[in-house]
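One structure below.
All residue numbers in this chain count up from 1 along the given sequence. Counting starts at 1 for both ligands and their atoms, in listed order.
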Amino acid sequence: MFHSRAVRRALFILGCMAAQAVHAQGPQPTAVVVENVRIFDGTSARLSAPSNVLVVGNVIQAISTDPIADPTGASVIRIQGGGRTVMPGLIDNHVHIFMSASRQEDMLDPKTTPEILQSRAAEEATLMLLRGFTSARDMGGPVFDFKRSIDQGKTVGPRIYPSGAMVSQTSGHGDSRLPSERSRRFFGVASKGECLGVNFIADGRDEVLTATRENLRFGASQIKVMAGGGAASAYDPLDETQYTLDEMLAAVQAADDWGTYVTVHAYTPKAVRRAVEAGIKCIEHGQLLDEPTMKLLAKKGIWLSLQALDEAPESQAADVKAKKHTVVEGTDNAFKWARKHKVKLAWGTDFMFAPANNKNQNADILKLKQWLTSFETLKLVTHDNAQLLALSGPRNPYPGKLGVVREGALADLLLVDGNPLENIQLIADPARNFVVIMKDGKIYKNTVRQGTSQ
Ligand SMILES: [Zn+2]
């Protein structure tokens with residue numbers, strides 16, 4: 001199997017034992033007992049008393065302060081927790097795994113084949129899991145193939161909630177054509193982004209319906225629609241509202257008929273209010289909202305998936321930098337008002353086109369210190385984010401409880417060397433501080449000495 005330098009380095013850091021787990025070589029245990037740990041369960045501000053956790057198959061079967069005997073008939077791995085902390089796996093609710101794995105210029109380069117881009121994305125998924133992210137909500141891009149491969153155990157990566165291609169109007173935030181490219185409806189051909197499965201440029205009710213249903217056909221767990229101007233895109237001003245109410249309604253109806261929801265990229269009150277009127281269930285970004293619109297989100301129970309974004313890199317065009325600056329400036333108010341009015345808040349990174357920065361996914365969580373306590377932050381990136389994942393309802397690819405350490409929940413666990421409630425900095429260095437990473441009951445990293453019993 002081909003691995004990039006970054007993957008090789010990660011495997012090296014994890015050591016031989018973990019590398020075997022990453023390649024899923026050797027039999028996986030049918031039960032795991034993690035002994036003598038204190039638990040951050042995703043919802044309580046205090047760690048549990050010293051406890052033992054039993055995982056059977058992919059489920060947390062028991063949590064007890066008493067010793068846990070081997071379940072009969074199971075081959076069991078016992079991990080000596082040594083007083084460390086067990087916590088739920090991290091969840092990033094706004095990723096673009098495909099686009100975060102390559103630079104924009106590489107994606108446009110004809111020499112970079114779709115196969116190369118896909119293999120980089122699969123490697124990026126592996127690194128994401130090894131950073132302790134056991135679930136990721138993908139907000140656009142061709143991820144269906146490696147998501148399936150992960151679910152089948154052929155590729156290592158997080159649980160992926162895919163949106164498929166981002167649905168955008170012509171000249172919208174998802175219109176990634178080069179300036180010289182014409183619309184396929186007016187003398188042009190399908191653009192590279194559309195051919196790769198990054199976006200659908202869809203205008204009018206009919207095309208929006210087809211785009212939405214095409215994503216659902218491939219297995220999208222939610223639909224991502226561009227409802228307003230974006231910072232990184234070339235043509236659309238930040239204050240632009242995208243899609244007429246009728247077009248937005250078409251996406252919502254098709255998603256709702258399929259049992260799931262639409263989330264929209266939007267910053268401004270006008271874009272958000274129109275999308276809310278159409279019946280969308282979640283806003284991505286929202287950094288330029290005013291307080292009355294924030295109150296409306298709270299009143300209607302609409303999710304706000306916020307990010308603490310960085311300024312655009314110096315290398316970007318001046319107008320892109322200016323747009324991004326406006327968004328970054330709005331972030332403070334967005335977090336403050338969302339908290340004040342108790343909007344349902346989710347968090348994500350939204351990394352794109354800068355593969356060298358992906359290693360900062362964990363450190364990005366620490367930016368939340370400006371607005372949230374350590375407990376609130378840890379709850380947000382586990383329990384709260386999992387509530388948004390569950391919004392996919394019958395289209396949830398991983399039914400079961402995520403984001404909590406509780407009997408009956410799915411076994412996505414981290415063993416942390418220290419107490420992240422007291423020292424949240426620990427989560428920024430997963431290679432060092434996450435000594436066990438488990439997803440769906442399977443161990444992908446374990447640097448603790450362990451005993452096996454039969
Ligand atoms: Zn995004």
side-chain contact (heavy atoms from CB on, under 4.5 Å) between Leu127 and Asn358, worked out: CA-CA 9 Å; Leu127 293 170; Asn358 293 341; over 6 Å; no
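- Using cut-offs of 30° and 60° on the angle between ring planes, the pair Phe40 and Phe375 is perpendicular.
- Contact check on Asp138 versus Lys147 returns no salt bridge, with no Lys/Arg side-chain nitrogen under 4.0 Å from an Asp/Glu carboxylate oxygen.
- Note on the Zn ion (ligand 1): protein N, O or S atoms under 2.8 Å away count 3, no waters included.
- Seen from the ring of Tyr398, Arg159 counts as a face-on cation partner, given the 6.0 Å and 45° thresholds.
- A distance of 12.5 Å separates CD of Glu214 from CD of Glu207, quoted to the nearest 0.5 Å.
- When the shell of 6.0 Å around CD of Gln370 is examined, it contains more than 12 heavy atoms from other residues, nucleotides or ligands.
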